[in-house]
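See structure below.
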Amino acid sequence: MTGDAPKAPQQPPTASESDLPAARAVATELGPAAPPLASEPALAEPTVGTKVGRGILWSLLNTVVLRMGIFMAGIVMARLLTTADYGVFAIAVTALTVLQAFNELGVSLAVVRWERDVREFAPTAMTIAVLNSLLIYGLLFLLAPWYCDLMGNPEAVPVVNILCLAVVIDGIAIVPATVLNREFLQRTRFFCDAASFVVVTTLTITLGASGAGPMSFSIGQVAGALVSMSCYLWLCPVRVRPGWDPVVARQLIQFGLPLAAASLLTLSVTQVDKLVVGGMLDAAALGLYLMVFNQSSLPLQIFSEAARRVSLAGFSRMADDKRQLEQALARGVGLMMAAALPVCALLACYAAPMLQIIYGAKWVPGAVALQFLAILGLARILLFIGYDLMVALDGNRVLIGLQGLWLGTVVPALFLGTHLDGIRGAAIAQAAVAVLIVLPAFAFMVARRGIRLAPSLRACVRPLVGGVLLVGSAVVVRETFSNVWAQMLIGGLVAALVYLPVVYPMRKMLPGRSGVAA
């Protein structure tokens, strides 16, 4: 199972008091035509900060619980399948990921960003997304044989064709799912995503155990995407159906196309490494690389994706108050670094023992790449925050330039690194470009928008100090103990002892507490 598994849905929860404030926000956004909830008590309207904080907590619970489940399922699949099987699946998931960046022309970001009656433009947004997703799936179906030949695995064509059906499903689901994010209804998304996860995991493991190979991934992912789509449509507070308004369509496309192009560039950056590794090496090397890349992405998927479900909406509503936005950014960056940095450091320092214990000896050769991909994972978390911030500040065209810079520098670096040192060289190239070129470029452009980064840098001091101590302790543990179990158990305990006291004062930065920097 990869870290890119589709998200999930579930049974509609009954309205509780915790849902009413968010539901009231929906009614307010929809305007006078939206009737008030019959059971709504007369409570004060929650602030944006309150809704963002509540949304982050539910989104974090959603992401952590489901990603841990995906992680456990991935262990089972890694022991059932070979590295070559993972290579075939990597070819399919790379195609899917790139296609999904462009399958709705950026209208989902418009749904979040526009301060307008969502019923005014949601039907047109859905029509655009569905038609475009059908078009690009048709093109993919025709080009799949050529693409798989280019990657050196013609047998991957059926796997690609089945998995990429998720593009069409995503085109139907994207607008109702985004409305849930827009209104901070993360509690609802948690129940939705849990249902899809159960379907994906059960079906994938069952098929994998029966000998279906990489096709088990494709069938499981598509089944889970169908569940997600059904639940998003059912639970969305706005009844989204296809419709068409040419004026709205033109506005949506004008707003969304630059963002879609930037998203396509972003995903091209994160997928081009698979294309280079798959084209220059064999399927087994690609499968090995995909496995360790997914491990390095776990912090991004657990922490950053949870925050991103509410960060864009939150940043957008603070865009007119630069000082408030700076404080919110500092709080978010500080907490994200405090949570993600130790995970990335542990992945880098204990890559080999972790792969051997959890996935088996056949995956240990990937440790040489995971050590550097963990650094990339941490950089990507910061870059995704910067991406959402630039969207909130209407920096759409700037984003295209930044992503173009990233892609233009990483492609030659990847070819050179892979040629010189295989998957390890590819990982070094990725990390070096992200840290030395792309992060400074993002920081420069954010500063040019009038956002001071000093509060965010101060908020990162404690995580960075704790990270240095953690890495130092790992060096001592690895030199002292040769047994992999001892390294993992003792190393984890020592890491907690040296890191937690340093970042514990940052607890006052949590939602609902005062303070920005510890």
Side-chain angles (χ1 to χ4, degrees), residues 1-11 62-63 65-100 103 133 137 140-141 144 148 153 155-174 177 189-232 271 274 283 286-287 290-291 293-295 297-298 301-302 305 358-359 363:
M1 205 73 175
T2 79
D4 294 312
K7 316 225 165 36
Q10 173 153 343
Q11 300 286 336
N62 182 351
T63 308
V65 170
L66 297 184
R67 288 297 176 184
M68 288 305 297
I70 291 170
F71 176 72
M72 298 303 295
I75 295 173
V76 176
M77 293 304 295
R79 294 183 175 273
L80 287 173
L81 303 181
T82 66
T83 55
D85 287 334
Y86 262 81
V88 172
F89 178 63
I91 294 171
V93 81
T94 299
L96 173 65
T97 305
V98 173
L99 292 178
Q100 282 183 326
N103 74 326
S133 64
Y137 179 76
L140 177 278
F141 193 87
C148 294
N153 282 273
E155 67 275 12
V157 172
V159 179
V160 171
N161 287 338
I162 295 296
L163 181 63
C164 288
L165 283 171
V167 170
V168 179
I169 301 169
D170 183 62
I172 300 171
I174 191 67
R189 282 208 62 161
F190 174 76
F191 291 107
C192 288
D193 292 350
S196 177
F197 165 73
V198 170
V199 172
V200 170
T201 303
T202 303
L203 193 54
T204 301
I205 292 178
T206 300
L207 291 171
S210 68
M215 185 62 78
S216 58
F217 286 111
S218 294
I219 296 174
Q221 302 288 347
V222 170
L226 285 170
V227 173
S228 297
M229 176 193 73
S230 301
C231 292
Y232 292 149
Q271 298 302 316
K274 284 83 170 179
L286 178 59
L290 175 66
M291 167 61 76
F293 184 88
N294 287 336
Q295 304 315 302
S297 299
L298 284 175
Q301 293 159 349
I302 292 175
E305 286 187 6
I358 298 177
Y359 295 101
W363 300 102

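Within the model, atoms CD1 of I219 and CG of L207 stand 5.0 Å from one another, a figure rounded to the nearest 0.5 Å. Summarising the geometry, atom CD1 belonging to I169 is positioned 3.5 Å from atom CG belonging to L226; distances are rounded to the nearest 0.5 Å. With values rounded to the nearest 0.5 angstrom, M291 atom CE is found 9.0 Å from L81 atom CG. Here I174 contributes atom CD1 and M229 contributes atom CE; the two are 13.5 Å apart, rounded to the nearest 0.5 Å. Here the straight-line distance linking atom OH of Y86 with atom CE of M77 works out to 6.0 Å at 0.5 Å rounding. We find the CD1-CG distance between I91 and L290 to be 10.5 Å, quoted to the nearest 0.5 Å.
Heavy atoms only, all atoms of each residue included: A78 and Y359 are closest at CB-CD2, 3.4 Å.
For N153, the side chain to side chain donor-acceptor pair (under 3.5 Å) criterion is met by no residue, not counting sequence neighbours. With sequence neighbours excluded, the residues satisfying side chain to side chain donor-acceptor pair (under 3.5 Å) with T82 are D85.
Classified by interplanar angle (parallel below 30°, tilted 30° to 60°, perpendicular above 60°), the ring pair F217/F89 is parallel.
By the 4.5 Å heavy-atom criterion applied to side chains, S133 and D170 are not counted as neighbours. Between N161 and Y137, the closest side-chain pair of non-hydrogen atoms falls below 4.5 Å.
Formation of a donor-acceptor pair under 3.5 Å by the S218 side chain with backbone atoms of V159 is found in this model.
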